[in-house]
There are 2 protein chains.
Amino acid sequence: MLNNSHYIDKLRSSGLRPTKQRIKICEILFDNEKTFHFTINDLVKKISKTTNDKISLATVYNTVHAFKKKGYLKEIPINSDQSYFDTNTSHHHHFYDENQKDLIDIDDADVEPVKINTRIPGKKIKSVEVLVKVEDAE
Amino acid sequence: MLNNSHYIDKLRSSGLRPTKQRIKICEILFDNEKTFHFTINDLVKKISKTTNDKISLATVYNTVHAFKKKGYLKEIPINSDQSYFDTNTSHHHHFYDENQKDLIDIDDADVEPVKINTRIPGKKIKSVEVLVKVEDAE
DNA sequence: ATTCTACATTATAATAGTTCTAAACTATTG
DNA sequence: CAATAGTTTAGAACTATTATAATGTAGAAT
C-alpha cells in the first residue's frame, strides 16, 4: 500500500466516500505513468491479481460508472461486445485494431483538429471522437 | 408489394438467395429516399408494423449481418447497449444526441477531412469515423 | 416437373455483459 | 457512541446477441 492520501482527498472532494475498494481501484487505474484502456473484465482481472481482498463485480461497475460521471474516466465509443474505458480524459483519439481487439492512443498532435461546420439547434457539442479502425495489412 | 426485381438481382448477384424475408427487409431498409439509422429492435418493430408474415428475430440478425458483410449496411460505433446500423454506406460522420439517443448524419461536406499523421506498422486503415456527441444546451 | 442439395429460416436455448435488489456493512455526522 | 446516509455484496434478473438443430425452400441437376 503506497501513499493514498491524494486519492482519499480526490474522492472526498468529489463527494465520493473513500472506501478501501475505491482507493484500491484508484491505485490500479491511476498509479501509472501512462494511461491505459480497459474493459470491466480487464479491471476485475487486474484487481484479483493485485489484492487478496476481492472486490465484488457490482462494485467494480459502480465505481467505474461513478468515476466516469466525475470525469476521471472516459468511455470510448466502439462497437464491441463490451465497453472500453480510458484513464486518459484529455482530448485524444484512438486506433482500434480489429484483429487484436486492442485500443491504441493517437497522440493528439498527430490528428489535425476536426472541424465540424454544422450545428444542431438547441444542442451543444459534448465531445468529438475519432476512431480509426485498422486491420492487418496483407 | 412494389417492384422487387432490383432487390432480387442485388441479392442474387452478391450470392445471397432472394428469400421473401430478405426482400422484405430490403424494402424496409432501402425503399426510401433518405438513409436511416436503426437498431435491430427498431427494425423488428418496423417489420411487424408493415407485414403480417412475421420474420424471426434470428433471421433479422442474420440478414443485417449478411447485409453488413456485403457492404449494404454500416455499423456505427457508439457506446450504447445496442448496435446501430446505417443504410448510408458512403463516407460520412454522425452526431449522437445523448438525450434523445438519436443518430444524425453529418454531411461529409461539413467535416474537414480528418488527417491522421501516424500509422501502425503492419496495419492498414479500414475506416475513420467521427462521432460528435451532443446534449441539450442549457 | 421432380428430386436433390446446399443454403435459410425458425423457435428456442444458451451466453455474456450489465443492471437491479435488498440485506449487511461502514464512513461520517452529531 | 449512536444515528444515518452512502456503499458493498452475492446473487438474481435483464437485455442484446449468438448458437443449435430441426424444418423449410431456392436453384441446379436430372
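Just so we're clear, the structure is a prediction, and the values are computed from it rather than from any experiment. Here is the naming used below: chain letters follow the sequence lines, and residue numbers restart at 1 for every chain.
To the nearest angstrom, P of dT17(D) lies 11 Å from OH of Tyr84(B). Residue Lys24(B) contributes atom NZ, which lies 19 Å from atom C1' of dA8(C) at whole-angstrom precision. Atom CG in Leu57(A) sits about 15 Å away from atom C1' in dT21(C), given to the nearest Å. When rounded to the nearest whole Å, the span between CD of Gln82(A) and C1' of dT17(D) equals 14 Å. We find that CG of Asp53(B) is positioned 13 Å from C1' of dT9(C), with the value rounded to whole Å. Nucleotide dT8(D) holds its P atom 9 Å from the CG atom of Leu16(A), rounded to whole Å. One can place CG of Leu43(A) at 15 Å from C1' of dG17(C), the figure rounded to the nearest angstrom. Rounding to whole angstrom units, CG of residue Asp81(B) and P of dT17(D) are separated by 8 Å.
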Donor-acceptor pairs under 3.5 Å, side chain of residues 51-58 of chain A to any protein atom, not counting sequence neighbours: which ones?
from, atom 1, to, atom 2, distance (Å)
Thr51(A), OG1, Asp53(A), N, 3.3
Ser56(A), OG, Ala58(A), N, 3.1

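Side-chain N or O atoms of Asp9(A) include none that pairs as donor or acceptor with a backbone N or O of His6(A) at under 3.5 Å. Under a 3.5 Å cut-off, the side chain of Asn88(B) and the backbone N or O of Thr35(B) do not form any donor-acceptor pair.
In terms of phosphate contacts, Gln21(B) brings no side-chain nitrogen or oxygen within less than 4.0 Å of OP1 or OP2 of dT25(D). Phosphate contact (OP1/OP2 of dA10(D), side-chain N/O of Lys54(A), threshold under 4.0 Å): present. One finds no side-chain N or O of Ser83(B) lying less than 4.0 angstrom from the OP1 or OP2 phosphate oxygen of dA16(D).
Using bins of under 30°, 30° to 60° and over 60° for the plane-to-plane angle, the ring pair His65(B)/Tyr61(B) lands in the tilted bin. Between Phe67(B) and Tyr72(B), the ring-plane angle classifies as perpendicular under the 30° and 60° cut-offs. Using a 30° and 60° split on the angle between ring planes, Phe38(B) and Phe36(B) fall in the tilted class, from 30° to 60°.
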Kindly give the atom pairs (protein nitrogen or oxygen, nucleotide nitrogen or oxygen) under 3.5 Å for nucleotides 23-27 of chain C.
from, atom 1, to, atom 2, distance (Å)
dA27(C), N3, Arg17(A), NH1, 3.4

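DNA chain D lies under 4.0 Å from at least one heavy atom of each of the following residues of residues 59-79 of chain A: Thr59(A), Asn62(A).
Looking only at atom types and distance, the side chain of Thr59(A) has no donor-acceptor partner in the side chain of Asn62(A) under 3.5 Å away. A side-chain donor-acceptor contact under 3.5 Å links Asp86(B) and His37(B).
The side chain of Arg22(A) sits closest to dT7(D) out of dT7(D), dT10(C), dT9(D).
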